Protein chains: 2
Amino acid sequence: MPSDAPFPDEHNHAICMSQALGNAAKLCLQRGVRLTPLRLQVLELVWRSHKPLGAYTILENLQTAQGRRAAPPTVYRALDFLLAQGLIHRIASLNAFIGCLHPEATHVGQFLICEHCGNAIELDTPEITNCIMQRAEILGFVVKSQTIEISGRCAHCQARYAS
Amino acid sequence: MPSDAPFPDEHNHAICMSQALGNAAKLCLQRGVRLTPLRLQVLELVWRSHKPLGAYTILENLQTAQGRRAAPPTVYRALDFLLAQGLIHRIASLNAFIGCLHPEATHVGQFLICEHCGNAIELDTPEITNCIMQRAEILGFVVKSQTIEISGRCAHCQARYAS
DNA sequence: TTAAAAAAGTTATAATATAACATAATCAGT
DNA sequence: ACTGATTATGTTATATTATAACTTTTTTAA
Ligand SMILES: [Zn+2]
Ligand SMILES: [Zn+2]
Ligand SMILES: [Zn+2]
Ligand SMILES: [Zn+2]
């Protein structure tokens with residue numbers, strides 16, 4: 001069974017998460033946008049792990065004030081806000097969402113997704129983008145957004161569950 | 001309004017399509033798998049243009065023998081077969097399917113998708129793959145599949161509808 | 001204080017995809 | 001050709017993901 005340990009083998013995810021949440025609060029303050037309790041809660045849920053999380057999983061784990069179960073638009077609107085602020089990325093190949101590691105600057109998301117443990121590692125590799133931009137430019141194609149999602153097996157799972 | 005002309009400005013899509021279908025028939029024969037009338041029809045529908053096509057759009061355009069409307073599994077199973085044979089690619093960011101330009105060799109799909117005309121241009125750029133593989137290797141990540149989908153504006157639409 | 005704007009609640013439904021089981025067509029060995 | 005196994009398709013129901021449309025609440029700003 002894959003370990004539930006988040007992400008790189010030895011990494012204190014509590015710190016990882018609190019940094020991300022603190023950073024998000026700071027950025028929203030700077031930008032004059034409101035990281036409301038609901039949005040913060042959704043962001044916290046997304047940051048509970050490094051595994052992309054589906055909207056309906058988030059919904060199930062959402063604690064509303066009155067104990068009533070929230071409806072889908074509640075979650076999708078919060079996700080839309082977080083996406084717009086670059087605080088999360090959407091993983092198209094999984095219909096899921098994951099916290100962004102570098103929300104301060106807009107950038108394209110590049111992910112290595114382990115099929116075994118489910119963790120997604122966000123890359124920040126300009127070479128990949130450059131390579132794509134170069135090829136696009138030759139064809140006169142103007143790039144607006146990029147979906148780069150690589151599936152496979154992470155080093156961690158490769159080592160433990162060689163198959 | 002975007003032109004409905006398929007793909008690069010001047011290109012005879014009838015030839016483009018019949019080559020793809022002929023090639024598909026040949027490959028299936030070689031491989032000993034059956035390109036049944038249903039599967040062929042789905043492939044034809046996908047090849048009608050260079051715009052990724054949704055499963056339910058295919059379903060609407062499917063002509064069944066008895067004139068009865070086919071059910072979703074019919075289309076999804078045909079699509080699964082075509083995907084398995086590498087005759088089409090799935091575009092995750094659009095939940096849609098498109099004919100493959102190089103079905104003879106397994107390869108990762110790389111697409112430039114025009115947001116204006118909807119056409120998707122399949123790239124065959126080893127540099128992009130190499131770049132990704134290199135980065136993955138450094139991290140000990142073993143790549144199994146790649147989703148590379150670049151959205152923007154194609155040269156054709158860039159020239160005609162400069163915004 | 002109060003009108004406008006933004007956020008969240010609510011209900012219904014759209015769009016995409018699959019599970020499970022029944023029937024039909026094809027194939028391989030006789 | 002016959003027959004059982006395999007593959008493909010039909011059929012029904014349902015799961016999963018996402019959005020439309022409208023209402024109420026909260027926040028902002030004059
Ligand atoms: Zn972490
Ligand atoms: Zn990011
Ligand atoms: Zn063509
Ligand atoms: Zn291809």
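Naming: A, B, ... by sequence-line order, numbering from 1 per chain. Keep in mind that this is a model prediction, so the values were computed, not measured.
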May I have the distance from [X] (atom [atom1]) to [N] (atom [atom2]), rounded to whole angstrom?
X: B/Leu35; N: D/dA8; atom1: CG; atom2: P; answer: 11 Å
X: B/Gln41; N: D/dT9; atom1: CD; atom2: P; answer: 11 Å
X: A/Arg31; N: C/dA6; atom1: CZ; atom2: P; answer: 18 Å
X: B/Leu53; N: C/dA17; atom1: CG; atom2: P; answer: 12 Å
X: A/Gln85; N: C/dA6; atom1: CD; atom2: P; answer: 14 Å
X: B/Leu40; N: D/dT9; atom1: CG; atom2: P; answer: 11 Å
X: B/Asp80; N: C/dT16; atom1: CG; atom2: C1'; answer: 13 Å
X: B/Leu79; N: D/dT9; atom1: CG; atom2: C1'; answer: 14 Å

Under 3.5 Å, is there a donor on one side chain and an acceptor on the other for [X] and [Y]?
X: A/His116; Y: A/His156; value: no
X: A/Glu115; Y: B/Ser145; value: no
X: A/Asn23; Y: A/Glu104; value: yes
X: B/His107; Y: B/Glu122; value: yes

Exercise for the section: Return the 5'-most residue of the pair B/Arg39, B/Pro72 with respect to DNA chain D, ranking by each residue's nearest nucleotide. Expected result: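 Per heavy-atom nearest nucleotide, the more 5' residue is B/Arg39.
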Any [X] side-chain N or O less than 4.0 Å from OP1/OP2 of [N]:
X: B/Asn95; N: C/dA17; result: yes
X: B/Tyr76; N: C/dT18; result: no
X: A/Tyr56; N: D/dT17; result: no

Practice task
Could you state whether B/Leu87 and B/Leu83 fall into the same hydrophobic cluster, counting links through intermediate Ile, Leu, Val, Met, Phe, Trp or Tyr residues with side-chain heavy atoms under 4.5 angstrom apart?
Solution key: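 Yes, it is one cluster - the side chains of B/Leu87 and B/Leu83 are joined through contacts under 4.5 Å.
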Filtered N/O pairs between nucleotides 20-26 of chain D and protein, under 3.5 Å:
none

Practice task
For A/Thr74, report the nucleic acid contact type (base, sugar-phosphate, nothing); a contact means any heavy atom under 4.0 Å.
Solution key: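 Base contact.
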Exercise for the section: Say whether, by atom type as modelled, one donor and one acceptor occur between the side chain of A/Lys144 and the main chain of B/Arg153 under 3.5 angstrom. Expected result: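 It does not hold such a pair.
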Exercise for the section: Specify the residue among A/Ala71 and A/Pro37 whose closest nucleotide of DNA chain C lies further upstream toward the 5′ end. Expected result: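 The residue whose closest nucleotide sits nearer the 5' end is A/Pro37.
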Practice task
Could you check which of D/dA18, D/dT9, C/dT16 has an atom nearest any side-chain atom of A/Ala55?
Solution key: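 So the nucleotide nearest the side chain must be D/dA18.
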Handout entry: Aromatic centroids of A/Phe97 and A/His89 separated by under 6.0 Å
Key =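 For A/His89 and A/Phe97, the ring centres are not under 6.0 Å apart.
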